[in-house]
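Written out below as structure tokens is the structure these notes cover.
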Amino acid sequence: MPVADSLLSVEGVCKSFGATEVLADFDLALNAGEMLSLLGPSGCGKTTLLRLIAGLEQADRGRVVLDGTAVDGDGAWSRPEDRQVGMVFQDWALFPHLDVAGNVGYGVPRRQRTAEVSKTLEMVNLPRTQDRMPDTLSGGQQQRVALARAIAPKPKVLLLDEPFSNLDAALRREVRTEVRELLQEAEITAVFVTHDREEALALGDRVAVMNAGRIVQEGSPSEVYRQPANPWVAGFVGGVSMYPASAAGNVAHADFGAIPLLKPDQGAVEVAVRPENVDLLPDGNRAATHIVERLEFQGADSMVTVANSAGVRLQARVSGTQSIKPGDRVLPVFSGSPATAFARSDAD
Ligand code: ATP
């Protein structure tokens with residue numbers, strides 16, 4: 001279906017390689033200035049989708065519309081160089097034989113090149129690096145040059161395919177925050193592909209969760225985290241325990257106590273319980289229901305796995321200073337904002 005006012009829309013796109021159907025009737029719409037995170041497991045078709053938008057692949061069926069013009073489908077076809085779509089790849093793919101100015105100015109018309117290169121390098125916080133060769137730059141700096149190269153020609157849409165995966169964890173966090181601020185300031189419309197849930201939630205105004213060639217849920221980062229569409233999404237976007245309970249309106253009763261629900265429900269359910277919403281009370285005067293099976297120290301906090309007498313497990317994220325050890329008897333207490341429940345049969 002055409003989507004009014006979208007800067008980019010992918011409408012009913014199908015794409016197969018041989019007998020493998022990679023995208024099945026795929027729809028996506030993006031507004032100007034919006035940043036969409038596309039999150040999905042390896043092989044679900046994320047890169048193929050970006051390649052289709054960029055014009056590096058052609059759809060078998062359906063349309064890709066960019067700024068009101070069909071660039072693929074319905075007999076239309078625009079070459080990649082005519083689409084004004086920028087792309088930042090996983091390996092950054094800088095031209096090793098060109099200096100920074102040569103890389104960043106690559107797609108910019110000659111007359112504007114010098115000014116545009118220096119402006120864009122200022123933007124990515126690499127001023128006066130025009131003469132440096134890529135192999136003399138750190139990983140984080142090379143990544144910023146790749147970003148500068150993609151945005152210097154002023155693309156309508158910027159596509160980023162796992163752009164931070166070559167950076168170490170600390171640098172990755174730093175660079176992604178910078179990139180988000182930069183894209184927001186410049187009001188750049190972007191699709192950002194990742195299989196890292198933390199990155200997807202941190203970077204996107206909106207997150208589309210993808211599996212096996214389809215979008216299974218789309219929403220704000222907090223929506224997909226707090227109101228997952230199904231148990232698979234719940235587990236894919238964050239740590240979760242699917243815990244059996246009996247729903248009665250806005251509350252589900254589990255063996256350890258009550259869990260407030262986002263939406264009223266009745267009967268046998270499984271509640272998506274996030275570990276940060278579970279406190280563990282040590283066995284005092286109250287009856288403990290669970291035994292600590294495992295404890296993983298993670299610095300500021302610890303991930304604790306507890307199980308009831310039937311072996312049903314629940315995870316809790318507790319402060320790293322709380323003294324808990326395997327074998328302790330504890331009472332879990334739900335302490336977070338209301339949770340999402342699924343009918344027991346859905347949760348198989
Ligand atoms: P990852 O996160 O691992 O990069 P992805 O979600 O980006 O994965 P794609 O690269 O889009 O997934 O690949 C989706 C499927 O299509 C995979 O099974 C892949 O092997 C297949 N595929 C992609 N390109 C081709 C091609 N040119 N020829 C044949 N099969 C392909």
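Start at 1 and go down the list; that is how both ligands and their atoms are numbered. Side chains included, hydrogens not; waters and symmetry mates left out as well; all remaining heavy atoms used.
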### Query
So, the side chain of Glu199 versus the backbone of Ser165: is there a donor-acceptor pair under 3.5 Å, distance only?
no
#### Entry: Test item: Asn277 and Arg274 side chains (from C-beta on) under 4.5 Å apart, heavy atoms
yes
### Query
Residues sharing Val233's hydrophobic cluster, by side-chain heavy-atom contacts under 4.5 Å among ILVMFWY, directly or via others?
Leu39, Leu201, Val207, Val209, Val216, Val224, Tyr225, Trp232, Phe236, Val237
Does ligand 1 have any N/O atom under 3.5 Å from a protein N/O, and what are those pairs and their distances?
| unit_1 | atom_1 | unit_2 | atom_2 | d |
| --- | --- | --- | --- | --- |
| ligand 1 | 2 (O) | Lys46 | NZ | 2.8 |
| ligand 1 | 3 (O) | Ser42 | OG | 2.5 |
| ligand 1 | 6 (O) | Gly43 | N | 3.4 |
| ligand 1 | 6 (O) | Cys44 | N | 3.1 |
| ligand 1 | 6 (O) | Gly45 | N | 3.0 |
| ligand 1 | 6 (O) | Lys46 | N | 3.0 |
| ligand 1 | 6 (O) | Lys46 | NZ | 3.0 |
| ligand 1 | 7 (O) | Thr47 | N | 2.8 |
| ligand 1 | 7 (O) | Thr47 | OG1 | 2.7 |
| ligand 1 | 8 (O) | Gly43 | N | 2.8 |
| ligand 1 | 11 (O) | Thr47 | N | 3.4 |
| ligand 1 | 11 (O) | Thr48 | N | 2.9 |
| ligand 1 | 11 (O) | Thr48 | OG1 | 2.6 |
| ligand 1 | 12 (O) | Gly45 | N | 3.3 |

### Co-members of the apolar cluster containing Met133 [side chain, <4.5 Å]
none
### Task
List in chain and number order the residues that pass ring-ring contact (aromatic ring centres under 6.0 Å, His included) with Phe164, two or more places apart in sequence or in another chain; answer none if no residue qualifies.
Phe192
### Query
Are the side chain of Lys46 and the backbone of Pro41 linked by a donor-acceptor contact shorter than 3.5 Å?
yes
